[in-house]
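Here the structure is laid out as structure tokens; the discussion comes afterwards.
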Amino acid sequence: MRVSRFLLSTVRETPAEAETISHQLMLRAGMIRKLAAGIYTWLPLGLRVLRKVEKIVREEMNRAGAQEVLMPAIQPAELWQESGRWDQYGPELLRLTDRHKRDFCFGPTHEEVITDLIRREIKSYRQLPANFYQIQMKFRDEIRPRFGVMRAREFLMKDAYSFHIDAASLEETYQQMHAAYSQIFQRVGLEFRPVAADTGSIGGSKSHEFHVLADSGEDAIAICSKCQYAANVELAQALPPMGKRAAPGKPMQTLDTPGQHSIEQVSKFLKVDPKQTLKTLLVKGTGGVIALVLRGDHELNEIKAAKLPQVVKPLVFVTPGEVELAAGCEPGSIGPVGLKIPVIADESAARLADFVCGANVSGKHLINVNWGRDAAEPIVMDIRKVVDGDPCPDASASQCSGVLSIRRGIEVGHIFQLGTKYSEAMQATVLDEAGQNVVMPMGCYGIGVSRVVAAAIEQNHDTNGILWPDSIAPFHLALVPIGYRKSAAVRETIDRLYAELTQAGFEVLLDDRDERPGVIFADMDLTGIPHRLVLGEKGLAKGMIEYKGRRDKQVRELPLEKILETMRENIKL
RNA sequence: CGGGGUGUAGCUCAGCCUGGUAGAGCACUUGCUUCGGGAGCAAGGGGCCGGAGGUUCAAAUCCUCUCACCCCGACCA
């Protein structure tokens, strides 16, 4: 491709609307343009990258035995009413009405459509298992689209749905998809982790997210320093502390702590380590208000708490007025001593002795408090978020001695074992060996294709621009002539090189613009083309051409006649 | 949906407080010079100052309403 015939719409200044690096660089490099909030046009340069990601995904899905289909983007309301999601889904579902006043939605996902298709087409266990996928634009009316295509409303997604005769078959396909996803992200060239995840609103039993590790990621994940354990912080188990609770030492005492509410304030005021304090949170329970008690330096994991049978879901904190009623004080002074409501303590909190907590009197705290002696023994559960340095909870046979660190991740893939949630509601059944109707267990597997592009940039950039992995670069190679319009010798040589390299299967961008070299270099760096050849008259006279990898610091001089050979060594097609 | 902010040239922004002929840099067009890391000079083109009402002799500027976009929060496959 010649730049003179290619829409290379680079921008020197950083657009004000872009906050994250990937969003800024995608706009500056001329990959995308915004049409409306969360809705983007892919320009030629960006589309080349998107198509490459798509190609890798398609190849690996095919290799894993999945069959490609293409379902409608617009779906009739009836199907969603049948699964019950027409009412459940809420405003994120873009609803439409046609000229006959029939209700439709723009599909945010396709469980209903595929289940409807399969219940009509598949009738025998002999046709199972079967896995169908598509790569298609989805629309979810996000409350707050942001970060460009990272969290867009319209986005390209690969979604796959598998159907089975039993749970064992589902597990098998699930593992295949797990492997295929790992292969996909490896081929794209990203640092990623499969992460045990909460199944959330989509339902089902088992689920893994695939995260690209990047500091700008929106999700917190806990990963082990030694083993492959990785879990969403919402799900990561906090192991109970080692050893037994120490025996009570000193007698309990009440101290005035005027105006000291937060753990930070109280621990500073009383000169104690936050680890030696308790924080008490009051939430709505199924039978009235419940106290959740954590160690001062820990945070409540709301997902874990909401799963407790005593707690109403979703988790609701009580109002200051209700705190007053239940504890007899302001929210900053609650403690478990003398509370007449059920107390659920985190394992770490339950292990403390001689600790500090609120006195249930505004402006007062207790010191040297002990469970059993001063406060009733609590119900003990794991309700906190894991923190840096917690021991790895890996449950596998070999005891892992690693510690967890909290990293940020960008969710680029998610696989679920759905079970029979949709097939049951929509009566998707087949006949088994015995001629009995069986509801098919299902799996579903998503990859945010457009998000992968943004995630790749988050992980691969420098001050000059993007650093594409070879696998998804828009072009393999930039050919930069110095003085293309001035020097016939340079022009003829570079044109010949362009033809040869293109012939050899490389995707080459020849910058034949009448621009100053500085402009060309800046653009080639910004767009992130991984390999660059520069030819000027001086080099040509010596029969030499300059080569530089986008990540290299130094330029290398190569003999002209060795170019093809060297590029073949450097660039994997 | 709550809180905060911004809408002026293709882009980044100044002008608004204190009303009086709409600006800069970059980009674009033309010419000359320049030509190995975002050139210089000169001459140009380009605006319903987001939209609608109002106040005023006069509104980008003041007032009211509205729309869009951005940030924080809640929410989230």
Side-chain angles (χ1 to χ4, degrees), chain A residues 8-20 23-24 27-28 30 33-39 85 88-93 107-111 138-148 150-161 197-204 207-210 218-219 232 234 302-303 314-317 410-416 418 444-451 463-465 480-487 490 511 513-527 532-540 545-546 548 555 557:
Chain A
L8 189 70
S9 265
T10 55
V11 178
R12 190 180 308 193
E13 285 176 279
T14 303
E17 69 185 43
E19 206 195 356
T20 51
H23 190 192
Q24 291 171 0
L27 289 169
R28 286 192 51 209
R33 289 292 181 258
K34 186 173 74 175
L35 181 64
I39 301 178
R85 287 208 292 184
Q88 286 168 18
Y89 219 86
E92 203 178 311
L93 184 65
T109 176
H110 281 70
E111 282 83 4
K138 297 274 191 282
F139 192 95
R140 296 183 191 173
D141 201 352
E142 293 278 348
I143 298 172
R144 185 145 89 88
R146 56 186 136 175
F147 309 148
M150 187 84 85
R151 181 172 288 275
R153 293 195 292 173
E154 187 182 280
F155 59 100
L156 192 68
M157 181 172 180
K158 186 286 298 176
D159 49 326
Y161 308 89
D198 192 56
T199 48
S201 56
I202 200 158
S207 166
H208 282 84
E209 294 168 349
F210 284 75
E218 292 188 82
D219 295 300
N232 197 303
E234 307 291 4
E302 300 193 15
I303 303 280
L315 192 78
V316 186
F317 289 96
I410 299 165
E411 184 189 347
V412 290
H414 204 158
I415 58 178
F416 295 86
L418 286 177
C444 81
Y445 320 93
I447 288 180
V449 178
S450 42
R451 183 181 281 185
T463 51
N464 292 327
V480 181
I482 304 294
Y484 187 80
R485 308 281 165 116
K486 305 290 184 322
S487 163
V490 167
D511 201 332
R513 290 177 295 177
D514 189 18
E515 282 289 357
R516 305 169 68 80
V519 172
I520 295 179
F521 291 144
D523 275 350
M524 294 304 108
D525 284 350
L526 176 59
T527 51
R532 187 184 80 187
L533 289 169
V534 179
L535 182 70
E537 275 197 308
K538 276 179 262 172
L540 185 55
I545 190 166
E546 283 171 23
K548 182 176 170 295
V555 175
E557 289 228 309

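Every chain is numbered from 1 and lettered A, B, ... according to where its sequence line falls, protein lines coming before strand lines.
- Searching all strands for a Watson-Crick or G-U wobble partner of B:A52 with both distances below 3.5 Å returns B:U64.
- One can place CD of A:Glu17 at 15 Å from C1' of B:C13, the figure rounded to the nearest angstrom.
- Distances shown here put every side-chain N or O of A:Arg146 at or beyond 4.0 Å from the OP1 or OP2 atom of B:C69.
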I'd like to know whether A:Leu27 forms a side chain to side chain contact (heavy atoms under 4.5 Å, CB included) with A:Arg33, so could you lay out the CA-CA distance, the side-chain angles of the two residues, the decisive distance to 0.1 Å, and finally the verdict.
CA-CA 6 Å; A:Leu27 289 169; A:Arg33 289 292 181 258; 4.2 Å; yes

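- Rounded to whole Å, the separation between the C1' atoms of B:U18 and B:U56 comes to 16 Å.
- Nucleotides B:A22 and B:G51 are separated by 16 Å at their P atoms, to the nearest Å.
- Nucleotides B:C63 and B:G73 have their P atoms positioned 31 Å apart, rounded to a whole Å.
- Place A:Lys34 and A:Tyr89 on RNA chain B by their nearest nucleotides, and A:Lys34 ends up nearer the 5' end.
- Atom-to-atom, CG of A:Leu27 to P of B:C11 comes out at 12 Å; the value is rounded to the nearest Å.
- For the atom pair A:Asp511 CG and A:Met524 CE, the distance stands at 4.5 Å (nearest 0.5 Å).
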Pairs under 3.5 angstrom only: tabulate donor-acceptor contacts from the side chains of residues 10-18 of chain A to other protein residues two or more places apart or in another chain.
from: A:Thr10; atom 1: OG1; to: A:Asp523; atom 2: OD1; distance (Å): 2.9
from: A:Thr10; atom 1: OG1; to: A:Asp523; atom 2: OD2; distance (Å): 3.4

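- For the pair A:Ile482 and A:Val534, the minimum side-chain heavy-atom distance is below 4.5 Å.
- Using a 4.0 Å heavy-atom distance criterion, A:Arg33 is classed as making no nucleic acid contact.
- If you take NZ of A:Lys138 and C1' of B:C76, they are 17 Å apart, rounded to a whole angstrom.
- Between the OH atom of A:Tyr445 and the OH atom of A:Tyr161 there is a distance of 11.5 Å, given to the nearest 0.5 Å.
- Nucleotide B:C13: paired with B:G23 (Watson-Crick or G-U wobble, both distances less than 3.5 Å).
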Its contact letters, B for base, S for sugar-phosphate only and - for none at protein heavy atoms under 4.0 Å, make nucleotides 27-38 of chain B read S------BBBBB

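- Nearest nucleotide to the side chain of A:Ala16, out of B:C1, B:U12, B:C71: B:U12.
- Per the geometry, CD1 belonging to A:Ile303 stands 11 Å off C1' belonging to B:C76, to the nearest Å.
- Not a single donor-acceptor pair under 3.5 Å links the side chain of A:Arg151 to the backbone N or O of A:Arg144.
- One interatomic measurement links the two molecules: CD1 of A:Ile143 to C1' of B:A77, which rounds to 13 Å at whole-angstrom precision.
- Pairing for B:C1 is with B:G73, a Watson-Crick or G-U wobble pair whose two hydrogen-bonding atom distances lie under 3.5 Å.
- Within the nucleic acid shown, A:Pro15 comes within 4.0 Å of sugar-phosphate atoms alone, with no base atom in reach, counting heavy atoms only.
- Checking each of A:Arg451, A:His110, A:Arg140 against A:Met157 for a side-chain contact (heavy atoms from CB on, under 4.5 Å) leaves exactly one that passes, namely A:Arg140.
- If you take atom C1' in B:A74 and the same atom in B:C1, they sit 8 Å apart, rounded to whole Å.
- Scanning both residues, A:Glu111 and A:Cys444, for their nearest heavy atoms gives OE2-SG, 3.7 Å.
- For B:G31, the paired nucleotide is B:C41, the pair qualifying as Watson-Crick or G-U wobble because both relevant distances are below 3.5 Å.
- Counting to the nearest Å, the C1' atom of B:A74 and the CZ atom of A:Arg151 are 13 Å from each other.
- To the nearest whole angstrom, the two C1' atoms, one in B:A14 and one in B:U55, are 27 Å apart.
- Distance A:His414 NE2 to B:A77 C1': 8 Å, rounded to the nearest Å.
- Contact between A:Ser487 and A:Glu537 at its shortest, heavy atoms only, is OG-OE2, 3.1 Å.
- B:A68 and B:C49 have their C1' atoms separated by 16 Å, given to the nearest Å.
- For A:Arg144, a side-chain nitrogen or oxygen approaches OP1 or OP2 of B:C71 to under 4.0 Å.
- Comparing B:G46 with B:C62, their C1' atoms are spaced 30 Å from each other, to the whole Å.
- One atom, CZ of A:Arg140, and another, C1' of B:C75, lie 14 Å apart when rounded to the nearest Å.
- When the C1' atom is used for both B:G45 and B:A52, the distance is 31 Å, rounded to whole Å.
- Base pairing of B:U18 is not made with any nucleotide, judged by Watson-Crick or G-U wobble geometry with both donor-acceptor distances under 3.5 Å.
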